[in-house]
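Proteins come first, then strands; the chains are lettered A, B, ... in the order of their sequence lines, and each starts at number 1.
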2 protein chains.
Amino acid sequence: MARKTKEDAELTRKSIIIAAREVFLIRGVSRTTMEHIATQAGVTRGAIYWHFTNKTEIFQAMREQVFLPLIDRMDDTLLVDNSQNPLVQIENFLCGTIQLLNNSLETRQIYEIMMIKCEYVIEFSVVLQEILLTCSGIEEKLCFTYEKAKEQGLLQPSHEPAQLAIDTQLFFIGLLHMWVKDSDGNHFRNRAIKLIKAHMSLIIR
Amino acid sequence: MARKTKEDAELTRKSIIIAAREVFLIRGVSRTTMEHIATQAGVTRGAIYWHFTNKTEIFQAMREQVFLPLIDRMDDTLLVDNSQNPLVQIENFLCGTIQLLNNSLETRQIYEIMMIKCEYVIEFSVVLQEILLTCSGIEEKLCFTYEKAKEQGLLQPSHEPAQLAIDTQLFFIGLLHMWVKDSDGNHFRNRAIKLIKAHMSLIIR
DNA sequence: GTGTTTACATTCGTATATGTATGTATAAAC
DNA sequence: GTTTATACATACATATACGAATGTAAACAC
C-alpha cells in the first residue's frame with residue numbers, strides 16, 4: 001500500500017492502540033501477539049513496528065489514556081474546588097471514578113486489563129512503580145482533605161486524618177478490584193455507589 | 001532414567017509444583033513454559049506431562065495449597081471459637097492472615113502470583129469464579145461476626161453489620177493487594193498490622 | 001520369576017512468535 | 001519537478017513452544 005498523510009498515520013496509530021485494548025482484554029497482555037493486534041486493527045505487523053518498538057510500548061500508550069485523566073480529576077475534585085464540604089468532596093471523587101467506569105467503555109476496559117489481564121513481571125516493574133506512586137498521591141490528597149474535615153469539626157475526635165486516608169484508599173482499591181472482577185455485576189458493580197456512601201457514613205461524626 | 005517408587009513419584013510431583021511457583025513468580029504464569037518449570041525442577045517435560053495435562057492444572061494444584069487452609073482458618077477464627085469478643089475475632093483473623101504471609105514464603109509467593117503474576121482470561125475464569133465465591137464466604141462470615149458484636153452492644157448503633165462486613169472486606173482486599181505490590185515494604189507491608197488495628201478502631205463503639 | 005504397568009526421558013513434527021531486512025508507492029520538502 | 005523521507009507491506013531467518021509418539025528400565029502385582 002501507499003504512503004499515508006500525517007493525519008492518516010496518526011489515525012492508524014490510534015487504531016492500533018484501540019485494537020490492542022480489545023485484544024488484551026480477551027487474550028490477556030502476555031498471550032497477545034503483534035499479529036493479533038495487527039489483524040484486529042486491520043493492518044500488518046509492519047505498521048505496528050513502525051509506530052511502536054514492542055508490545056510494552058503499546059501497553060504504556062494505552063495506560064496513559066486513563067492515568068493522566070485520573071490524576072487531573074483527583075486534583076480538581078479534592079484540591080481545587082474548596083466550596084464543598086470536604087467529606088462530600090471525597091465522596092464525589094470516589095463516586096466520580098465509578099461513574100467514569102460506568103460511562104466509559106474505554107476506561108473500564110483499560111482498568112480491567114491493568115488489574116486482571118496483565119502480569120507485573122520485571123519488564124513491567126516500571127508500571128508497578130508508577131501505580132504505587134499514584135497511590136501515594138491519592139493517599140496524600142485524601143489525607144489533606146480529611147484534615148480540612150477535621151478542622152471543620154466534621155470528624156469524630158478520635159479519628160485521625162492519616163488513618164482515615166489510608167482506610168478509605170484501601171477500601172476503594174478493594175472496591176475497584178472487586179468491581180472489575182464482578183462479572184455479573186450483582187455483588188459490587190451495581191452496588192458500588194451505595195458502598196461508597198456507606199463507607200463515608202462510617203466516618204462522619 | 002528408571003522408574004521411581006510411588007513415594008518418589010509423589011516427590012517429583014511436589015517438586016514440579018514448587019518449581020512452577022518459583023518460575024511463575026519471576027516470569028509470570030503466561031510467559032512460563034513447561035520447559036522452564038522442568039528445568040527448575042530438574043526433570044524433563046515428559047515428567048511434567050505425566051503428572052499434569054497442562055499448565056493450568058499445575059496452577060490449580062499450587063493454588064489449592066493456600067486457599068483451602070485460608071477457609072479453614074477463617075472458619076476456626078470467626079465461627080468456631082466463640083470465647084472471644086467478636087471484634088477481636090475479626091481483628092485476629094485479619095492479622096493472622098498477614099502473619100501467615102509474613103511467616104510463610106510459600107503462601108506469600110502464591111498470593112503474589114495469583115494477584116499480579118497471572119492473567120485471568122477465559123481459560124482461568126474458573127479460578128476467578130472460585131475467588132469470588134471465597135470472597136462471598138468471607139463477607140458472610142464477617143457479617144455473622146459483626147452481628148454478634150452488635151448483639152453485644154459493641155458497635156455504634158448507626159452501624160449495620162452487613163455494611164461493616166463489606167467495608168472490612170474491601171479494606172482487607174485493598175490491603176492485600178498493596179501488601180503484595182509494596183516491594184520495598186515501607187508503605188504497607190511493615191504497617192499492615194497497624195492498619196488493621198486502625199481500621200477496627202474506626203468501627204468500635 | 002515373569003508380565004504388566006508405571007514413571008519418566010527422548011525424539012519428532014508442527015505451529016507460532018519475534019525482529020529485521022527489504023521493497024515500494026506516495027506525501028512532503030525543496 | 002526532482003529528491004527524500006515516510007508509512008507502511010512483504011518476506012525471511014531464527015527461535016521457541018507444544019503435544020504426541022516412542023523408548024525404557026525398574027517397581028509392582030501375581
Side-chain angles (χ1 to χ4, degrees), chain A residues 1-62 113 117-119 121-124, chain B residues 1-62 113 117-119 121-124:
Chain A
M1 200 190 284
R3 185 185 170 188
K4 308 280 190 64
T5 65
K6 271 188 183 295
E7 294 80 37
D8 283 343
E10 187 54 28
L11 279 178
T12 50
R13 195 190 120 93
K14 292 248 173 75
S15 76
I16 289 168
I17 297 177
I18 292 173
R21 169 162 51 86
E22 291 162 350
V23 188
F24 284 164
L25 193 73
I26 297 170
R27 316 186 72 105
V29 176
S30 313
R31 302 167 110 84
T32 295
T33 71
M34 294 304 223
E35 185 63 37
H36 292 143
I37 300 174
T39 306
Q40 180 78 10
V43 297
T44 63
R45 278 179 31 243
I48 298 184
Y49 277 110
W50 172 256
H51 286 286
F52 305 93
T53 59
N54 53 34
K55 209 166 59 176
T56 310
E57 214 177 279
I58 305 178
F59 180 85
Q60 285 283 16
M62 181 194 75
I113 291 166
K117 311 281 185 177
C118 173
E119 295 173 0
V121 290
I122 326 103
E123 194 183 339
F124 282 79
Chain B
M1 201 190 282
R3 184 183 170 190
K4 308 280 191 64
T5 67
K6 271 187 182 294
E7 295 80 36
D8 282 342
E10 188 53 29
L11 278 178
T12 51
R13 197 190 119 94
K14 291 249 173 74
S15 77
I16 289 169
I17 298 176
I18 292 173
R21 168 162 51 86
E22 290 162 349
V23 189
F24 284 164
L25 192 74
I26 296 170
R27 316 185 71 105
V29 176
S30 314
R31 301 165 114 78
T32 296
T33 71
M34 295 304 224
E35 183 62 37
H36 292 143
I37 300 174
T39 306
Q40 180 77 11
V43 297
T44 64
R45 280 189 313 127
I48 298 185
Y49 278 111
W50 173 256
H51 286 285
F52 306 92
T53 60
N54 53 33
K55 209 166 58 176
T56 310
E57 214 177 279
I58 305 179
F59 180 85
Q60 287 282 18
M62 181 194 76
I113 291 167
K117 311 282 186 178
C118 173
E119 296 174 0
V121 289
I122 326 104
E123 193 183 341
F124 281 79

Any base atoms under 4.0 Å from B/T33, or only sugar-phosphate, or nothing? Heavy atoms, all strands.
sugar-phosphate
Measure from NE2 on A/H36 to P on C/dT16 and round the result to the nearest Å.
9 Å
Using a cut-off of strictly less than 4.0 Å, decide whether A/K4 has a side-chain nitrogen or oxygen near OP1 or OP2 of D/dC8.
yes
Spacing of A/I48 atom CD1 relative to C/dA17 atom P, expressed in whole Å
13 Å
Using a cut-off of strictly less than 4.0 Å, decide whether A/H51 has a side-chain nitrogen or oxygen near OP1 or OP2 of D/dA7.
no
Out of C/dA28, C/dT11, D/dA17, which nucleotide sits closest to the side chain of A/T5?
C/dA28
A/Y49 atom OH is separated from C/dT22 atom P, nearest whole Å, by 17 Å
Select base, sugar-phosphate, or nothing to describe what A/T44 touches, counting heavy atoms under 4.0 Å on all strands.
base
Look up atom OG1 in A/T33 and atom CZ in A/R27, then write down how far apart they are to the nearest 0.5 Å.
7.0 Å
Interatomic distance, B/K55 NZ vs D/dT16 C1' [rounded to whole Å]:
13 Å
Let me know the distance between CZ of B/R31 and C1' of D/dA15, rounded to the nearest Å.
16 Å
State whether A/W50 places a side-chain N or O below 4.0 Å from either non-bridging phosphate oxygen (OP1 or OP2) of D/dA7.
yes
Hey, can you tell me if A/F59 and A/F24 have their rings parallel, tilted or perpendicular (30° and 60° cut-offs)?
tilted
In whole Å, I'd like the distance from the CD atom of A/E10 to the P atom of D/dT6.
15 Å
Is the distance from OP1 or OP2 of C/dA7 to the nearest side-chain N or O of B/T12 less than 4.0 Å?
no
What integer distance in Å separates B/K6:NZ from D/dA29:P?
8 Å
If you find the nucleotide of DNA chain C closest to A/R27 and the one closest to A/G46, which residue's nucleotide is nearer the 5' end?
A/R27
Using the side chain to side chain contact (heavy atoms under 4.5 Å, CB included) rule, take B/K4 and B/L11 through it: C-alpha gap first, then chi angles, then the decisive distance, then the call.
CA-CA 10 Å; B/K4 308 280 191 64; B/L11 278 178; over 6 Å; no
Would you mind reading off the distance between A/R45 atom CZ and C/dT16 atom P, rounded to a whole angstrom?
14 Å
Run A/K14 and A/E10 through side chain to side chain contact (heavy atoms under 4.5 Å, CB included) and show every step you take.
CA-CA 6 Å; A/K14 292 248 173 75; A/E10 187 54 28; 3.9 Å; yes
Return yes if some donor-acceptor pair links the side-chain N/O of B/K55 with the main-chain N/O of B/S30 below 3.5 Å, else return no.
yes
